[in-house]
Enquirer: 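Take a look at this one; I'll ask things after.
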Amino acid sequence: MQDVADFQSNSVSDLSRMKNDMPEYIAFKSTLLYSASILILPILSFFLSKIIVFDGIFSHNLVTSNICSAACSVLVLHIALGIFIYKAYAGNEKTTKKD
Amino acid sequence: MSAPNADTNPIYGPFFGVMGAASAIVLSALGAAYGTAKSGTGIAAMSVMRPELIMKSIIPVIMAGIIAIYGLVVAVLISGAIEAPDKYPVYKGFLHLGAGLAVGFSGLAAGFAIGIVGDAGVRGTAQQPRLFVGMILILIFAEVLGLYGLIVAIYMYSK
């Protein structure tokens, strides 16, 4: 009987720990996703927009295509940052309400 | 083969461009590293009591990382334009040095500002959640300083 009670209390504490860990895991996953996208997207968009759009389709000269793709990557960077700030602000409102 | 003009195309012309590219990324990375480290200590101190606020308080670290991306963009632009001395007048070298220094020192200043604001703002947000909006606004104003440097650098680069 004692064993069963022990097992039950153990499993309950395990379950509550898992429940406590779940939001942290979700927060970690979304933070990792947004951070990786903020770091990788500007670099990708710089080279992709330079090679495909400004050099390939519009065939600008070197300086113009460089400047256009730099502006493009900075724009993408700030859009990603804005989405992250909005997500952090909106997501945390929800968790504080739950508490 | 026509010899390059020693007055406008000296052998040391590309040196200035290379130093511009290097100073763009080095000084921006210095500012970004200070911002990351300073706001990182604030996050570490705050998270002991309020671990649920980590997602919100990562924002200064990301903004400090963006400063380094500004420097990276200018360094890549300048590196792509550097050529052998006979095709690279020293005037272009001076322009590239100026562009690199503009984005580098602006990034250094913005990184310092983001570090100090991030440290104090993250610690304050743990006590008073309404401070978050103010912290974000101040961080955006600090980050815009780096953006001004980037604009001036790209303008100089396009001359």
Side-chain angles (χ1 to χ4, degrees), chain A residues 20-21 23-47 50-51 55 60-99, chain B residues 24 32 36 43 47 50-83 92 95-96 99 103 122 125-126 129-130 132-133 135-137 139-140 143-144 146-147 149-151 153-159:
Chain A
N20 281 340
D21 282 352
E24 304 224 333
Y25 172 69
I26 293 168
F28 168 73
K29 223 174 75 172
S30 62
T31 307
L32 190 71
L33 188 75
Y34 279 104
S35 308
S37 68
I38 286 171
L39 289 181
I40 293 168
L41 273 183
I43 298 170
L44 262 185
S45 71
F46 179 80
F47 287 107
K50 180 173 157 52
I51 293 167
D55 282 354
H60 286 313
N61 65 344
L62 181 79
V63 172
T64 318
S65 77
N66 272 342
I67 290 165
C68 290
S69 42
C72 191
S73 72
V74 169
L75 197 72
V76 166
L77 181 71
H78 283 95
I79 289 171
L81 177 71
I83 292 171
F84 178 80
I85 291 176
Y86 178 75
K87 180 89 175 170
Y89 190 63
N92 245 63
E93 289 284 288
K94 232 180 278 167
T95 54
T96 46
K97 264 180 207 157
K98 216 190 290 170
D99 290 340
Chain B
T36 307
I43 293 167
S47 305
R50 302 285 300 273
E52 72 275 7
L53 285 179
I54 289 180
M55 171 99 171
K56 264 187 178 179
S57 51
I58 289 290
I59 290 172
V61 174
I62 291 178
M63 287 195 159
I66 286 172
I67 298 296
I69 294 180
Y70 292 160
L72 179 73
V73 166
V74 173
V76 167
L77 288 185
I78 295 173
S79 307
I82 293 172
E83 285 174 281
K92 265 190 144 181
L95 280 180
H96 290 168
V103 76
V122 158
T125 306
R130 282 187 196 161
F132 181 70
V133 179
M135 181 187 78
I136 293 295
L137 270 177
L139 279 176
I140 288 172
E143 205 227 308
V144 159
L147 193 65
L150 178 75
I151 291 170
I154 287 181
Y155 195 63
M156 267 193 215
Y157 169 81
S158 67
K159 271 266 181 295

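A, B, ... follow the sequence lines: proteins, then strands. Residue 1 opens every chain.
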Enquirer: What part of B/V74 gets closer than 4.5 Å to chain A, counting heavy atoms only: side chain, backbone, both or neither?
Expert: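 Neither part, no heavy atoms under 4.5 Å.
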Enquirer: By a 4.5 Å heavy-atom criterion (distance strictly below it), what part of A/I38 contacts chain B: side chain, backbone, both, or neither?
Expert: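 It is both, since atoms from each part get that close.
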Enquirer: Side chain to side chain contact (heavy atoms under 4.5 Å, CB included) between B/L72 and A/I43: does it pass, once the steps are laid out?
Expert: CA-CA 9 Å; B/L72 179 73; A/I43 298 170; 4.1 Å; yes
Enquirer: For A/S65 versus A/K50, what's the shortest heavy-atom pair and its separation?
Expert: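 Between these two residues, the closest heavy atoms are OG-NZ, 3.5 Å.
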Enquirer: After noting the C-alpha distance and the side-chain angles of A/N66 and B/I154, does the key distance pass the side chain to side chain contact (heavy atoms under 4.5 Å, CB included) rule?
Expert: CA-CA 9 Å; A/N66 272 342; B/I154 287 181; over 6 Å; no
Enquirer: Closest approach of B/P60 and B/L139, non-hydrogen atoms and distance?
Expert: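 That closest heavy-atom pairing would be CG-CD1, 3.8 Å.
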Enquirer: Is it the backbone or the side chain of B/I151 that comes under 4.5 Å from a heavy atom of chain A, or both, or neither?
Expert: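 It is neither, since no heavy atom gets under 4.5 Å.
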Enquirer: Can you name the nearest heavy-atom pair linking A/L81 to B/E143, along with the distance?
Expert: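 Looking at all heavy atoms of both residues, the shortest contact is CD2-OE1, 3.7 Å.
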Enquirer: What are the two closest heavy atoms between B/A64 and B/A32, and how far apart are they?
Expert: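 Where B/A64 meets B/A32 most closely, the heavy atoms are O-CB, 3.1 Å.
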Enquirer: Sort by residue number and list every residue of residues 71-79 of chain A having at least one heavy atom under 4.5 Å from chain B.
Expert: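 Result: A/S73, A/V74, A/L77, A/H78.
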Enquirer: Considering only heavy atoms from C-beta outward, does the side chain of B/F132 approach that of B/L53 to under 4.5 Å?
Expert: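 Contact flag for B/F132/B/L53 side chains = no.
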Enquirer: Hey, which of B/I58, B/I136, B/I66 has the most heavy atom pairs under 4.5 Å with chain A?
Expert: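 Between B/I58, B/I136, B/I66, the count favours B/I66.
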Enquirer: Where do B/M63 and B/I140 land on the side chain to side chain contact (heavy atoms under 4.5 Å, CB included) test, with the steps shown first?
Expert: CA-CA 8 Å; B/M63 287 195 159; B/I140 288 172; 3.7 Å; yes
Enquirer: Please classify the contact of B/V61 with chain A as side chain, backbone, both or neither, using a heavy-atom distance under 4.5 Å.
Expert: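 For B/V61, there is no contact with chain A at all, as no heavy atom is under 4.5 Å.
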